[in-house]
Structures are given as structure tokens and as C-alpha cells.
Amino acid sequence: MFGRTFSLLWALLASAALPALAAEPGLQVTFTSQGQSDTRVDRLLALYVPAQQCPTPFLAAGPFTAKWEGNIESPVRGTFNFSVETNGKFKLTLNGKVLLTDTEAKTAELNQGANTLTAELTSAAQGDTFIRLNWSSKNFPLEPVPPMVFSHATNPGLEKAQAQRFGRLLFAQYNCAACHADATKIPRTGGLPELNPGAPLLADLGKKYRPEFLAEWIDNPAAIRPHTLMPKLFSGPDAAQKAADLAAMLTQGATPAQGTKDLSQAAAGGALFANLGCIACHETPDATTRDRIPLAHIQDKYHGQVEPLMAYLQNPAATYAQTRMPNFRLSETEARQLAHYLLARGRMVKRTALVGDATRGATLLATSGCLNCHAGMPPTTQPPLSKILQNPARGCLAEEPAARGTAPDFHFAAAQRQALLSFLATDLNSLQQDTPAEFAERQIQNLQCTACHARDGKISRWAQLDNECKKLRDAVPAKEHQEGDPVPDAPIPALTWQGEKLKTAWMTSFIAGEVAYKPRTWLIGRMPGFAHATAANLASGLAHQHGFSTVEPAEPEPNLEKAKIGETLVGNDGGFNCIACHGLGDRPPTAVFEAPAINFVQTIERVRKGYFQRWVLAPVRIDPETKMPKYADPEGVTAITDQLEGKGPDQFEAIREYLRTIK
Ligand code: HEC
Ligand code: HEC
Ligand code: HEC
Ligand code: HEC
Ligand code: HEC
């Protein structure tokens, strides 16, 4: 299968086994606006830049040019037809020859392996600018050139631009501005969305957490969670005592009695931990490795108490709006089982704790900078931004602990420190603006979407943990499988084409956890919910990455004549029998055992029109593993010749018109 070849090639390119190629995925793209340039890597040769919006956060809004450079890695030698959809001025050069200068399709021979590509775009004279590069061949119909075939070689200019981008994100996420403020350079609202990240509310901690644990956390957060955003604020011989004082203050008035764990529920919780995908982001609580986010300390942190842990699992954002832990809409039973699993398998630390003094703790809380992050209090004693820009490699960014002085320790790796220095050397104007396309890319990484989703030919982390999952599932007695019971190991949709597939409004609600129904009822796993504002910006950004507007053009009322034909075509009497697998409203699929599929009533509000056509014409081009049959040959002709002259695209259009009429 073609898709498999791509994935294989992709795996080879991505593996360190072939350093000679030194090729990275995606294309390098250089934007120029008002005499300034900026470079980044894009997954696709596609863009959507709304009028009045900057093409990248490092450039001013207004007319711009874009230049893509890199390779198309072709799995075979062959002939391909290229075409472009754009409202700008475009030129495509392949293997040194100019191929496209307008929207007319042209044929090109590609060599097996790398083919050099350069493309240039001048933004549209007015309004939004968009571009999408497509191809087709005798083996497959027109489609966007997929991200899996693009590669580029890295170079110092690109590396510098990437470091600045990374540093810009770190500056926001680690809340540098909480202590090093500057009202003119750092916007409180608008601008880079990750600015002002906040921190958990420090209220009622005594009801939930064990003071000894909190002292250990405050003394050195990174020792408990390697990728924490909270710095170590105290150094020197009295650091542990200060932490104990703060813990005493924060838990004053209540300390939890040790809870009781119910071992009989732990195994069911363990199975959920595997089946819901917790395992894709987290180590199991009995693990000693810390590659994924550790949970071994949970028993200790919660002092073995079930109720507060359940409350957290059911609403992780309750005391921390910007948490990266998503909301799984867990039922009471699920939350209880998961809580018992985490409490039963984790460690409880026996320590000789320092005795904390709550009064000293209260003073420390007000003077140590805790509240700059935790309560948004303006900084008082820390140097302002202008000051740290003069000495950027010191204090919080010092390489040696001795040179850090009284500054917090963020536990930065060398690459993070370098990135922050790179960013601080810019004019910082990029904090004032952002683009959804770059936001989406950053957040897919930050929120670990690829823990559960395959993307651009790379399998998900979850899919690499089959052995660990199996152990957890096998610990509960097997139930006999009933027809219609959800299963743990059915495929999860890849993220690769979602920007082209889903309507932005629906995708926003879905990522935000606001869609009441579950499209794939046959999965035990479910898509967890993330904050609404993040979801909206992410969904818009994915559309833009694929060259689409966030709004689909309005459609006229359904064509009832076509819809009538469509109704016949979905059925098994003179049609394709789509309803064998697809339910139609409250009519269940007629042959569920074939391959479960999404109910057709959801399709119209979910799926964009163009993608509907592309999917039904050649499903394996999008998902090489799909069980959905292909109904049209490469010319688009189907086996049903007595309707609409056997023309696949017209027939599928009729089906879509029919689906638009059903409720
Ligand atoms: C909790 C408050 C806090 C936060 C958050 C914070 N800093 Fe600092 N920073 C300090 C303090 C305190 C100092 C030391 C001031 C001194 O030694 O007088 C400092 C010093 C510095 C210095 C050295 C300035 C000099 O003149 O020597 C730099 C550079 C710096 N910080 C960068 C950063 C960056 C970048 C971030 C975000 C990753 C950050 N800081 C986050 C409190 C903070
Ligand atoms: C630079 C910002 C920043 C500063 C300064 C900071 N924190 Fe935090 N803190 C965080 C973030 C962010 C979290 C959430 C954990 C994470 O993201 O890793 C957190 C988590 C915590 C938690 C755990 C809360 C929970 O419900 O799990 C406690 C307790 C805490 N901080 C106390 C303190 C204290 C006390 C200080 C001052 C000594 C302090 N923090 C300083 C950012 C900060
Ligand atoms: C997409 C990644 C992701 C998934 C999936 C996920 N988590 Fe988390 N979880 C996080 C992150 C990140 C944190 C760190 C807290 C933060 O950023 O606020 C966290 C925090 C937690 C904590 C609190 C840790 C502490 O130190 O207090 C618990 C408990 C937890 N997760 C349990 C679960 C369970 C149970 C599931 C499955 C139902 C799950 N998580 C699924 C990302 C994830
Ligand atoms: C814990 C695993 C998990 C994580 C983490 C996760 N997803 Fe999902 N996602 C799923 C599952 C399972 C589905 C299928 C749900 C269904 O159809 O019932 C899904 C479905 C989707 C869909 C709908 C696709 C379609 O064709 O219907 C989109 C879009 C999506 N996820 C985006 C994201 C984004 C963006 C992130 C990161 C912010 C993310 N997901 C993180 C598990 C996850
Ligand atoms: C053998 C079973 C089967 C048959 C028959 C079938 N499909 Fe599918 N269809 C699937 C599967 C499997 C998926 C992908 C489900 C997923 O994304 O997890 C799918 C997905 C779709 C989607 C995307 C839906 C969405 O909301 O994501 C559309 C549209 C679609 N099919 C249309 C059709 C049409 C039109 C026909 C008949 C011409 C048809 N299908 C026949 C199995 C089938």
C-alpha cells in the first residue's frame, strides 16, 4: 500500500540510522514582510493568513512573501500531476525546473528519493491569503501533497529562528514576566496566548495534601515532576526549613488523616488507566522510570485519601485553570477505581520531617515570589525586565548554581537556557501577537496530543505501550464480549488530516469536551476535554495549517432531487450499502460486525464538504488501515452505472445531499 510505503520511508528518514540524509520532516519556509524576514518549518505546503493578521509572530501584518525550500521524498519514480489552489501569486520549481506559475495543473517526473522543491508566494492583493499544493497520479486522485513526503535540511539560520520561537514559549510558560515585569513590552491580555499562565490556587491544601509532601515539593519540585513549571525558590542550608515553614502555613487548620485504600477496586482502575490512555502521558504509579509524567508520589501527596483525589480527577482545572491535565468526564465509579489504583500502587514515604512554623511561612509566602505566580501579584523586589535584558546569562539563566545568587532555579536544560537567551536577544515584539497556526503546533506538543494520536506517519506513544497496557488489562478477570461492547484496542483517528477534515466549530467543541455524543461508540477510550479557549485557537490553527478558512462557505438548501438518488445509493437495494457499517440516526448499522463506523447524522456537522468527497473517493489514501471500502476506480467511476452515469464524485455528492436532509 502506498500509505505504508510513506510511513516506512518516514520512519527511515526520522531514524538516526541514516545520518547522511540529515533530513528533517516538513519544509523550511521564509516569510518576508516590510523588509524583515523570519523562517520556520511547516508540515505542508499550505497557508491561510487572514487579512490584517501577521504571517508569523516575528513579522508585522501586511503584504508578505513566502518561500518554501526542501524536498519531496518520492517512494517511487513516476509521473505526478501538480496543481495549486491559491489567491496569491505563486511559482513552483521542482528539480530546478519551473513547473507551476498559475493554477493550471502540470505534469512532472519525480525521481525515487529526494526531489528538490522551491516555491514562492506573494500574498493576495486584498483580503485573506490562502494556498494549498495538491497532486494526483494514475494511482490516486487529487489530494494535498501529504506531510509525510516533505523534508528539509537544517541550517544555522533556521536553527536560530527555531531557538527564538522555543525561547518565546518558555518565557511565557515559565512566567518570567510574573517577576520581571514590563507593562510596555508584555501585554496582560491579547498577544501571545501562553503569557500569564497562572498557577494552582493555594487554598484549602490542608484538606487534601500531606504537609510533609508539600514541604518536599516546595523545596525541589523538579525532583518530583521533571517537567514541572514551578522553580525551586530556595537554596542554601535553610532551604528545607523554609519549605517546611511554608507547608505548615499552607496546611494550617487542617491536616488529612490517612485514608484507607480498597485493593479490590485497584485492578479495575489499572485497566482504566490503560484503556483511557492515562498511560500514554503518565508512568504507572509503581514505575521507577520518569520518562512520562510520574504518579508514584500520589499516595504520599494525598495521604492515601480517595475523595480529594477523585475530585481532582473529575475536574483537574477546578483549582488550576491552565492545567495541562485534560478532563476525561469520568463517572463517579471510574474516578473511584482510578483513585484506588493510584493510591494502592504508589509509595508512601516515611520521613523524619522538619517541624514547620506557620508564622514564618506566612512571611515567606508574601516575600518569596510565590504569589507572583500563584495569585498574580505584581513583583516588588525582583529586577524589572529592562534590567535582566542587560545581564541575560545571569540569575535565573546562570549556567553555574554559584552564579545564580538569590534567583530561582528552573532546572533548565542547556537547550532551554540557550533558547531563552536567543529570544531575549530579539526586540520582544513577538509577545504582542501570534498566529493560530503556530499556536496549534505548540499546543499539540505541549498538551501531548500525540500521546494518543498518530500524526504525519508517526504512531502514537500509546500504541507503543501495548505490553504495559496488556498487563493492566489482564489483571482484571476477562468478561465475555457482548455484541456492541466497546473494545480497548480499536484504532484512534490520526491527527494528520484533521485540519482539512473537521469543521472548525465542531472541532472546537469536541476538543473542549463539549460535544454530548461520542462519535466512535465502539472505543473504550475517549477524547478528553481541554480548555475552551485553547480548543478554539487550536482548531483554527489546524484549519490554517491546511490552507483552509475557519468558516466553510454557506451552502444552499439541500437539492431534493439529488438527495432522492443519494438515499438509494446509501442503501443495499441498488446502492453501495453504506448503511451496513454506518448508522443513520436511530437506525443502527445493518452489519456492525463488518467494521464499526460513525453514524451518518453526525457527518454533516463534523466533516467539511471537500474532505467528504476525498475520503469516499479513496479512503486508504487518508487511512491506509481503514476498513471502509473504496467505491471508485482511479478515474472516479463506480460499479453503480445506472445512477448519474456511474460518476463517483456526482454520486457521493448526491449521498451528501441526502445526509443533509436527515435529522
Ligand atoms: C519568582 C520570581 C522570578 C521568576 C518567575 C523569574 N525570575 Fe529571574 N530573577 C528573579 C530573582 C529574585 C533574581 C535575582 C535578582 C538579584 O540577584 O538581585 C532574578 C534574576 C534574573 C536574571 C539576572 C539579572 C541580573 O541583572 O543579574 C535574569 C537574566 C533572569 N532572572 C531571567 C529570568 C527568566 C528568563 C525567567 C523566566 C524563565 C525568570 N527570570 C523568571 C526572580 C524571578
Ligand atoms: C514561576 C511561577 C511559580 C512560582 C514562583 C511558584 N510556583 Fe508553585 N506552582 C507553579 C505552577 C505552574 C504549579 C503547577 C505545577 C506544574 O505545573 O508543574 C505550581 C504548583 C504548586 C503547588 C502544588 C499545588 C497542587 O495543588 O498540586 C504548591 C503547593 C506550590 N506550587 C507552592 C508554591 C510556593 C509555596 C511557592 C513559593 C515558595 C511557589 N509555589 C512558587 C508556579 C509557581
Ligand atoms: C495528554 C496527557 C495526559 C493524559 C492523557 C492524562 N494526564 Fe494526568 N496529567 C497530565 C499533566 C501534564 C499533569 C501535570 C499537572 C499539570 O500540568 O497541571 C497531570 C497530572 C495528573 C495528576 C496529578 C499529579 C500530581 O502531582 O498531583 C493525576 C493524579 C493524574 N494526572 C492522573 C491521570 C489519570 C488517572 C489519567 C487518565 C484518566 C490521566 N492523568 C491522563 C497529563 C495527562
Ligand atoms: C487520552 C488520549 C487522547 C489525547 C491525549 C487526545 N486525544 Fe483526541 N481523541 C482521542 C480519542 C479516543 C478520539 C476518538 C473519540 C471518538 O471518536 O469517540 C479522539 C478524537 C479526536 C478528534 C476527532 C477526530 C475525528 O475524526 O473524529 C480530534 C480533532 C482530536 N481528537 C484532537 C486532539 C487534540 C488536538 C489533542 C491534544 C490537544 C488530542 N486530541 C488529545 C484520544 C485522545
Ligand atoms: C465496511 C464498512 C463501511 C462501509 C460499507 C462504508 N463505510 Fe464509511 N467508514 C467506515 C469506517 C471504518 C470509517 C472510519 C471510521 C473512523 O474514522 O474511525 C468510515 C468513515 C466514513 C466517513 C467519515 C465520517 C466521519 O464523520 O468521520 C464518511 C463520510 C463515510 N465513511 C462515508 C461512507 C459512504 C458514503 C459509504 C457508502 C458509499 C460508506 N462510508 C460505506 C466503514 C464503512
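In this chain, residues are counted from 1 in sequence order. Just follow the structure's listing: the first ligand is 1, and inside any ligand the first atom is 1.
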- For ligand 1, is N372 a contact, meaning one of its heavy atoms is under 4.0 Å away? no
- Task: Assess F410 for proximity to ligand 1: is some non-hydrogen atom of it under 4.0 Å away?
- Result: yes
- Against heavy atoms of C176, which atoms of ligand 1 measure under 4.0 Å? 34 (C), 35 (C), 36 (C), 37 (C), 38 (C), 39 (C), 41 (C)
- Query: Quick one: does P392 get within less than 4.0 Å of ligand 1, heavy atoms only?
  - Reply: yes
- Task: Could you say whether the N/O atoms of Y320 and ligand 3 ever approach to under 3.5 Å?
- Result: no
- Numbered in order shown, the ligand 1 atoms found under 4.0 Å of a heavy atom of P383 are 15 (C)
- Message: At less than 4.0 angstrom from any non-hydrogen atom of K301, what atoms of ligand 3 do you find?
- Response: 25 (C), 26 (O), 27 (O)
- Query: So is Q443 in contact with ligand 4, going by heavy-atom distances below 4.0 Å?
  - Reply: no
- Nearest neighbour in protein (non-hydrogen) for atom 24 (C) of ligand 1: I388 CG2, 3.7 Å
- Query: Where on P326 is there a heavy atom closer than 4.0 Å to ligand 3, on the side chain, on the backbone, on both, or on neither?
  - Reply: side chain
- Message: Closer than 4.0 Å to some heavy atom of F412 - which atoms of ligand 1 meet that?
- Response: 38 (C)
- Query: Should R526 be counted as touching ligand 4, given the test is an N or O pair under 3.5 Å?
  - Reply: no
- Task: Please could you name the atoms of ligand 4 that F328 approaches to less than 4.0 Å, counting only its heavy atoms?
- Result: 1 (C)
- Task: Indicate yes or no: does an N/O atom of R520 lie under 3.5 Å from an N/O atom of ligand 4?
- Result: yes
- Per-residue contact class, L447 against ligand 3 - non-hydrogen pairs under 4.0 Å: backbone
- Just go through G277, A274, C278 and tell me whose heavy atom is the nearest to atom 38 (C) of ligand 3. C278
- Message: Quick check: Q382 and ligand 1, any N/O pair under 3.5 Å apart?
- Response: no
- For T534 and ligand 4, answer yes if some heavy atom of the residue is under 4.0 Å from a ligand atom, otherwise no. no
- Item | Contacting atoms of ligand 1, where contact means under 4.0 angstrom from a heavy atom of N175 | 5 (C)
- Task: Taking only heavy atoms of P519 into account, list the atoms of ligand 4 that are under 4.0 Å away from them.
- Result: 16 (C), 17 (O), 18 (O)
- Item | Ring centroid separation Y209 to H303 under 6.0 Å | no
- Message: Would T323 count as a polar contact of ligand 3, with the cut-off being nitrogen or oxygen pairs under 3.5 Å?
- Response: yes
- Heavy atom of L495, distance to ligand 4 below 4.0 Å: yes
- Message: Between atom 8 (Fe) of ligand 4 and H453, which N, O or S atom of the residue is the nearest one?
- Response: NE2
- Got the closest protein heavy atom to atom 1 (C) of ligand 1, with its distance? C179 SG, 2.7 Å
- Item | Heavy atom of Y341, distance to ligand 3 below 4.0 Å | no
- Task: Answer yes or no: does an N/O atom from W506 fall short of 3.5 Å to an N/O atom of ligand 4?
- Result: no
- Work out the angle at atom 8 (Fe) of ligand 1 between SG of C396 and NE2 of H180, rounded to 10°. 170°
- Task: Pull out every atom of ligand 1 sitting under 4.0 Å from any heavy atom of T406, numbered as shown with elements.
- Result: 12 (C), 14 (C), 16 (C), 17 (O)
- At a 4.0 Å threshold, what atoms of ligand 1 neighbour a non-hydrogen atom of G395? 20 (C), 21 (C), 22 (C), 23 (C)
- Query: Does any N or O atom in Q448 lie less than 3.5 angstrom from one in ligand 4, N or O only?
  - Reply: no
- Non-hydrogen atoms of A451 versus ligand 3: any pair closer than 4.0 Å? no
- Task: Check if H297 has a non-hydrogen atom at a distance under 4.0 Å from any atom of ligand 3.
- Result: yes
- For ligand 1, is any non-hydrogen atom under 4.0 Å from P408's backbone (N, CA, C, O), its side chain (CB onward), both, or neither? side chain
- Query: Out of Q322, M325, K208, whose heavy atom sits nearest atom 13 (C) of ligand 3?
  - Reply: M325
- Message: So, regarding N391 and ligand 1 (criterion: nitrogen or oxygen to nitrogen or oxygen, under 3.5 Å), is there a contact or not?
- Response: yes
- Item | For atom 30 (C) of ligand 3, closest protein heavy-atom neighbour | H282 NE2, 3.6 Å
- Message: I'd like the name of whichever of I293, L330, L295, N327 reaches closest to atom 11 (C) of ligand 3 through any heavy atom.
- Response: I293
